[in-house]
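Presented below is the structure to which this report refers.
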There are 2 protein chains.
Amino acid sequence: MKISTRGEYGVRAMFDLALHYGQGPIPLKMIAERQEISEPYLEQLMGALRKAGLVSSVRGAQGGYLLANPPHKTTIGDIIRTLEGPIAPMECVEPGEESTCNQYKLCATRVLWTKLRDSMEEVLDNTTLEMLCHEAMRLKAQDDSFMYHI
Amino acid sequence: MKISTRGEYGVRAMFDLALHYGQGPIPLKMIAERQEISEPYLEQLMGALRKAGLVSSVRGAQGGYLLANPPHKTTIGDIIRTLEGPIAPMECVEPGEESTCNQYKLCATRVLWTKLRDSMEEVLDNTTLEMLCHEAMRLKAQDDSFMYHI
DNA sequence: TTTAATCCCGAGTATTTCCGTCGGTTTTCT
DNA sequence: AGAAAACCGACGGAAATACTCGGGATTAAA
């Protein structure tokens with residue numbers, strides 16, 4: 001019931017790009033260093049995110065990656081689905097999987113998994129990168145004020 | 001982001017026991033057959049559920065397993081935690097894991113994972129075996145009435 | 001009292017998924 | 001030209017998953 005490193009790193013990388021939105025292309029190396037992610041591994045993930053249209057890239061020297069859309073347009077759900085596949089606690093509640101289970105009409109547990117899936121999607125689809133940025137600023141301010149009082 | 005077969009089979013087995021609650025011990029073989037689960041594998045899972053106090057067992061001929069508590073007392077969360085460990089999309093939001101991440105106070109994504117965890121727990125801890133039984137009856141009735149109209 | 005049903009337990013194995021590495025190619029700025 | 005970067009596909013090791021297996025202990029029933 002865990003999100004894999006693909007999802008985790010993907011979110012962190014996208015969050016990093018969001019924090020630097022509007023500053024031109026950010027080289028992979030920078031993201032990897034700041035987020036402490038293996039560079040060649042992150043490269044794979046960025047490739048997937050680019051193919052999904054979530055980031056765009058600039059090749060050659062001084063190139064790098066940037067968000068394809070402003071931070072409030074990309075949700076965590078977009079990122080997770082791209083890197084981990086459908087958000088679903090069980091195969092039988094993935095989109096377009098209605099008929100695989102032979103007795104899906106009578107399956108009581110399926111109702112449960114559907115509820116669980118919906119509650120997960122509710123959170124992930126309603127959290128944008130912009131919201132994470134705001135949250136980060138809030139935490140930073142809190143921390144600064146704490147330091148001040150010492 | 002999937003529940004493993006341990007959790008899935010565990011829920012199905014417990015649901016099976018709930019449907020037969022009050023009918024004395026149910027042999028593993030019955031549960032395995034009805035739920036189409038490998039018998040020796042399910043045995044492992046039942047052992048864990050017994051140690052966790054969710055089922056009790058009767059040894060010897062005519063023995064079997066039964067719910068340790070009435071169906072409305074056992075939640076899906078209880079079962080999943082027993083068989084899969086803490087309900088958490090990331091290690092850093094497992095109970096008692098506050099200090100492992102060196103900069104947890106400043107982590108914006110951690111707030112997100114916490115929200116996700118809470119929404120998952122909300123569903124799983126508020127669904128009981130009894131509710132699944134009622135759901136099953138509802139689906140059955142619906143199906144019967146559909147048959148009747150043909 | 002024997003037999004058969006059933007739970008109990010721990011070790012072993014096969015498969016898959018995950019996580020990451022590596023080498024080379026192409027593009028573009030300076 | 002040279003260096004900085006993105007792009008690409010294949011490969012490999014480690015860990016988790018999903019079982020299997022063999023034997024032992026307990027108890028009801030014949």
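Sequence lines set the chain letters: A, B, ... in the order given, protein chains first and strands last, and positions in each chain run from 1. Because only heavy atoms are used, hydrogens play no part in the values below, and waters and symmetry mates are left out as well, while side chains stay in.
What you find for A:Y65 and A:V55 is that their closest heavy atoms are CD2-CG2, 4.2 Å. Closest heavy-atom contact between B:C133 and B:L19: SG-CD2, 3.9 Å.
For B:Q44, the listed nucleotide lying nearest its side chain is D:dT20; candidates were C:dT21, D:dC7, D:dT20. Taking every side-chain heavy atom of B:S57 into account, C:dC7 is the closest of C:dC7, C:dT21, D:dA6. The side chain of A:Y65 sits closest to D:dA6 out of C:dC19, D:dA6, D:dC19. Ranking D:dC21, C:dC7, D:dA18 by closeness to the B:L28 side chain, first place goes to C:dC7. Which of C:dC29, C:dT21, D:dC19 sits closest to the side chain of B:Y41 comes down to D:dC19. Nearest nucleotide to the side chain of B:R6, out of D:dT20, D:dA18, C:dG20: D:dA18.
Going from atom CD of B:E84 over to atom C1' of D:dT17 covers 11 Å, rounded to whole Å. Here D:dA6 presents its P atom at 11 Å from CZ of A:R50, a figure rounded to the nearest Å. Whole-Å rounding puts the B:L42 CG to C:dT6 P distance at 14 Å. Straight-line distance from the OH atom of A:Y9 to the C1' atom of C:dC18: 11 Å, rounded to whole Å. If you take CD of A:E91 and C1' of C:dT16, they are 13 Å apart, rounded to a whole angstrom. Per the geometry, CE belonging to B:M46 stands 13 Å off C1' belonging to C:dT6, to the nearest Å. Rounded to an integer number of Å, the gap from A:L45 CG to D:dA6 P is 14 Å. Atom NZ of A:K2 and atom P of D:dA15 are 17 Å apart (whole Å).
Annotation: A:M131, atom CE; neighbour count of heavy atoms from other residues, nucleotides and ligands within 6.0 Å is above 12.
Judged by distance alone with a 3.5 Å cut-off, no donor-acceptor contact links the side chain of A:R59 to the base of C:dT28. At a cut-off of 3.5 angstrom, the base of C:dC8 holds at least one donor-acceptor pair with the side chain of B:E43. Remark: the B:Q62 side chain and the D:dT26 base include no donor-acceptor N/O pair separated by less than 3.5 Å.
Inspection of the B:T5 and B:Y41 side chains reveals an N or O donor paired with an N or O acceptor under 3.5 Å.
In terms of phosphate contacts, B:T5 brings a side-chain nitrogen or oxygen within less than 4.0 Å of OP1 or OP2 of D:dA18.
Not one N or O on the side chain of A:T127 forms a donor-acceptor pair closer than 3.5 Å with the backbone of A:L124.
Residue order along DNA chain C, read from the 5' end via each residue's closest nucleotide, puts B:G63 first among A:S4 and B:G63. Residues B:P27 and A:E39 each lie close to DNA chain C; by heavy-atom proximity, the contact nearer the 5' end of the strand is made by B:P27.
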